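Contents: one structure, followed by commentary.
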Amino acid sequence: MTGLPCRIYEESWKSAYRGIVPQDYLDHISAGRWAEILDQADWDTLVSVEEGRFIGTTSVCPSHWRDWAESGELVSLYLLPEYMGQGLAGYCWRRR
């Protein structure tokens, strides 16, 4: 399952961070770059699916803040470039 979220991370980074992160870095993001990170035992990774296609991914983990030990953290939320700017992230927040 890690391969699909990794691909979403890769495509999202290459689009969202263009002009912010050096282009040479983005051009050399390797397939599977985030696999080890996404496979951490204390992380859960969810995917968004539209018509059978994986279009987004989000990862959550236990809170790193001592005062919020019973809570969790949203580590990342990425969408394929063609789904960015459509309000899907806001929809996810409202669905809690």
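The shown structure was predicted, so the numbers you read here are calculated from the model rather than taken from an experiment. Just so you know, residue 1 is the first one in the sequence shown, and it goes up from there.
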Could you go through the side-chain contact (heavy atoms from CB on, under 4.5 Å) check for S71 and W65 one step at a time?
CA-CA 9 Å; S71 299; W65 298 90; over 6 Å; no

Could you give the distance from CH2 (W43) to CD (E73), rounded to the nearest 0.5 Å?
9.5 Å

Could you check L74 against T58 for side-chain contact (heavy atoms from CB on, under 4.5 Å), going step by step and ending with a plain yes or no?
CA-CA 7 Å; L74 175 65; T58 186; 2.7 Å; yes

Treating Q23 as the side-chain partner and R18 as the backbone partner, does any N or O pair qualify as donor plus acceptor under 3.5 Å?
no

Contact summary for F54 and L80, nearest pair of heavy atoms:
O-CD1, 3.4 Å

Using 0.5 Å steps for rounding, measure from the CE atom of M84 to the OH atom of Y78.
9.0 Å

Rounded to the nearest 0.5 Å, how far does OG of S48 lie from CZ of R53?
12.5 Å

Side-chain touch E82/I55, heavy atoms, less than 4.5 angstrom
no

CG (L79) and CD (E50) are apart, to the nearest 0.5 Å, by 10.5 Å

Can you find a heavy atom in the side chain of T45 that is under 4.5 Å from one in the side chain of T57?
yes

For the pair E11 and R7, evaluate salt bridge (charged side-chain N to carboxylate O under 4.0 Å, His left out) and give the outcome as yes or no after the intermediate values.
CA-CA 6 Å; E11 290 185 33; R7 186 181 61 78; 2.7 Å; yes

Hey, what do you get for CD1 (I29) to CH2 (W34), rounding to the nearest 0.5 Å?
4.0 Å

If you round to the nearest 0.5 Å, how far is OG of S59 from CD of Q40?
9.0 Å

Donor-acceptor side-chain pairing of S12 and Y17 below 3.5 angstrom
no

